[in-house]
Amino acid sequence: MTGAALAAVAVGIILEDVPVFVAGGGVLALLILFAVLGGKRRPAGGEPPAGRLALARIEDLRATGGESADVPVKFRLTVAPEPEDARPAYRVKITQHINLVDLPAYRPRGIAVVEYRPDKPWDVRIVTRPTPEWSRRAEEAEIDSAPDSTLVSNPDVDEGSWCLLVLLAFLAGAVLVVLLFRGPLFTAANDEDTPPDSPSKSSSTSRTFTTSTTVSGPSSSLLAFGRMRATAMELENRVDTAYVTEVTIEDHRMAVSGDSTRPPTETFHLQSLPYELLPTLVREARTTLGIRTPETWRIDITPPTGNGVGPRVRITVTGPEGTAHLDADATGRVVDRRGATGP
């Protein structure tokens, strides 16, 4: 009924047929009224996850917003229950709000403490403040990834078949109306003036990508608290993957680059970077490397080289005395300093 009503509205507009338009709009209004009156209210919220603690391997994570201090993050986890639970490791997808300050602690292939319910294994929550014992276990543990076939989900919301049935019924109603008016519609289409050799659009796919953004307005410097991560989330939403090969940050500009042909060891996750620690490193580079009057600074983040672990962070500062560098690892720890090399 909904598909037929919408199709009738569209046909009425195309053919300028008022009765068809009014009939379709009237049926659509009635359907909306029936849906409002007969809709069922969903529960305000289920009971919070409670049960047993376990360790989980973070397979992937993706922040989906950045409007406040707590951002929603989508996690893919491999949960490894305790031996007494007699349950093998399994995969699960969850969404949980994580504070911006705590977000750097969660990285792909890292270990987190989670709480899950044995009777509802899909009901998993990351414990953001675990006890010292569980924190130590998370630091020492190594968990193998569970196969994708072990992915569990809430069966109550698994409505794939129902959605497919609704879609087919919607299309059937729309097709029925279009077929009834196919003669006038095709006649109207043939009356249109269409250029005989109009160029067609072509699409192409590229293995590499580069995108950037410039911030402006009050307190627009990327050194402002939270601004770097929020800008990184904005850039992440523009590309198909959060795994990149280079990040460049300047005072008012951030750019990211990627290459889908690179192996995972030559990329890094955009949200795994310690953005909250970078402003402190920039201040340290500007004051401790022999540049008395720093004019510009730049952060270049690249994948690890050799036997390194995690991306490499290089901060370059320039001034009248020349150029200086400060290198740090993925945790924000300084690993090398190079003073001014002369103008």
Side-chain angles (χ1 to χ4, degrees), residues 61-63 66 71 100 103-104 107-108 206-217 219-289 291 294-306 308-319 322-341 343:
L61 72 159
R62 185 183 183 92
V71 297
L100 282 172
L103 197 55
R107 298 186 177 89
S206 176
R207 295 181 178 181
T208 61
F209 62 85
T210 299
T211 184
S212 63
T213 186
T214 301
V215 297
S216 59
S219 301
S220 61
S221 173
L222 285 170
L223 294 179
F225 178 76
R227 181 59 63 88
M228 284 190 188
R229 187 171 296 280
T231 306
M233 293 176 185
E234 176 186 343
L235 294 177
E236 181 181 341
N237 291 331
R238 299 183 185 179
V239 297
D240 295 333
T241 175
Y243 288 91
V244 299
T245 57
E246 184 178 4
V247 175
T248 302
I249 305 173
E250 296 172 318
D251 195 21
H252 298 280
R253 180 178 178 273
M254 178 182 291
V256 299
S257 302
D259 187 346
S260 60
T261 62
R262 295 280 190 93
T265 55
E266 296 182 8
T267 63
F268 55 91
H269 199 282
L270 193 56
Q271 294 299 331
S272 68
L273 302 176
Y275 295 107
E276 290 71 26
L277 303 179
L278 296 182
T280 301
L281 293 176
V282 171
R283 286 191 288 269
E284 182 175 347
R286 298 176 67 182
T287 57
T288 64
L289 300 179
I291 304 294
E295 297 174 349
T296 63
W297 60 267
R298 170 174 169 159
I299 304 174
D300 294 289
I301 306 173
T302 54
T305 58
V309 178
R312 183 172 64 100
V313 180
R314 166 162 289 188
I315 301 174
T316 303
V317 180
T318 58
T323 302
H325 301 284
L326 183 149
D327 293 340
D329 59 17
T331 65
R333 182 175 60 89
V334 177
V335 297
D336 188 26
R337 290 182 174 87
R338 297 182 183 178
T341 57

Practice item. May I have all residue pairs that pass salt bridge (Lys or Arg N to Asp or Glu O under 4.0 Å) and include part of residues 323-332, sequence neighbours excluded? Key: Arg314-Asp327, Asp329-Arg333
Can you measure from [atom1] ([X]) to [atom2] ([Y]) and round to the nearest 0.5 angstrom?
X      : Y      : atom1 : atom2 : value
Glu250 : Thr214 : CD    : OG1   : 9.0 Å
Thr316 : Leu326 : OG1   : CG    : 9.5 Å
Ile315 : Arg337 : CD1   : CZ    : 10.5 Å
Leu235 : Thr210 : CG    : OG1   : 11.0 Å
Glu295 : Arg286 : CD    : CZ    : 10.5 Å
Leu222 : Thr231 : CG    : OG1   : 5.0 Å

Exercise for review: Just jot down the side chain to side chain donor-acceptor pair (under 3.5 Å) partners of Thr261, sequence neighbours excluded, or say none.
Suggested key: Asp259
Point to revise | For Thr288, all residues meeting side chain to side chain donor-acceptor pair (under 3.5 Å), sequence neighbours excluded | key: none
Study note, to complete from the structure: For residues 223-272, the ring pair (Phe, Tyr, Trp, His ring centres under 6.0 Å) pairs (sequence neighbours left out) are Tyr243-His269
Point to revise | Heavy-atom closest contact (Trp297 atom, Ile249 atom, distance) | key: CZ3-O, 3.6 Å
State, yes or no, whether a side-chain contact exists between [X] and [Y] at a heavy-atom distance under 4.5 Å.
X      : Y      : answer
Ser272 : Pro104 : no
Leu103 : Glu276 : no
Pro108 : Leu61  : yes
Pro304 : Arg312 : no

Practice item. Dump the intermediate steps for side-chain contact (heavy atoms from CB on, under 4.5 Å) on Thr323 and His325, then the final yes or no. Key: CA-CA 7 Å; Thr323 302; His325 301 284; 4.0 Å; yes
Check your understanding: Has Arg338 got more than 12 heavy atoms of other residues, nucleotides or ligands less than 6.0 Å from its CZ?
Key -> no
Exercise for review: Mind running side-chain contact (heavy atoms from CB on, under 4.5 Å) on Thr241 and Glu236 for me, showing each step along the way?
Suggested key: CA-CA 7 Å; Thr241 175; Glu236 181 181 341; over 6 Å; no
Exercise for review: Could you go through the side-chain contact (heavy atoms from CB on, under 4.5 Å) check for Glu246 and Val256 one step at a time?
Suggested key: CA-CA 6 Å; Glu246 184 178 4; Val256 299; over 6 Å; no
Exercise for review: Could you tell me whether the side chains of Thr318 and Thr296 share a donor-acceptor contact shorter than 3.5 Å?
Suggested key: yes
Review point. Do Arg229 side-chain atoms and Gln271 backbone N/O form a donor-acceptor pair below 3.5 Å?
Key: yes
Review point. Where the side chain of Thr245 meets the backbone of Thr267, is there a donor-acceptor pair that is under 3.5 Å apart?
Key: no
Point to revise | Residues in salt bridge (Lys or Arg N to Asp or Glu O under 4.0 Å) contact with Asp251, at least two apart in sequence or another chain | key: none
Practice item. For Arg107, check salt bridge (Lys or Arg N to Asp or Glu O under 4.0 Å) against everything at least two apart and list the hits. Key: none
Exercise for review: I would like to know whether Val244 and Phe209 meet side-chain contact (heavy atoms from CB on, under 4.5 Å); could you show each step before the answer?
Suggested key: CA-CA 9 Å; Val244 299; Phe209 62 85; 4.1 Å; yes
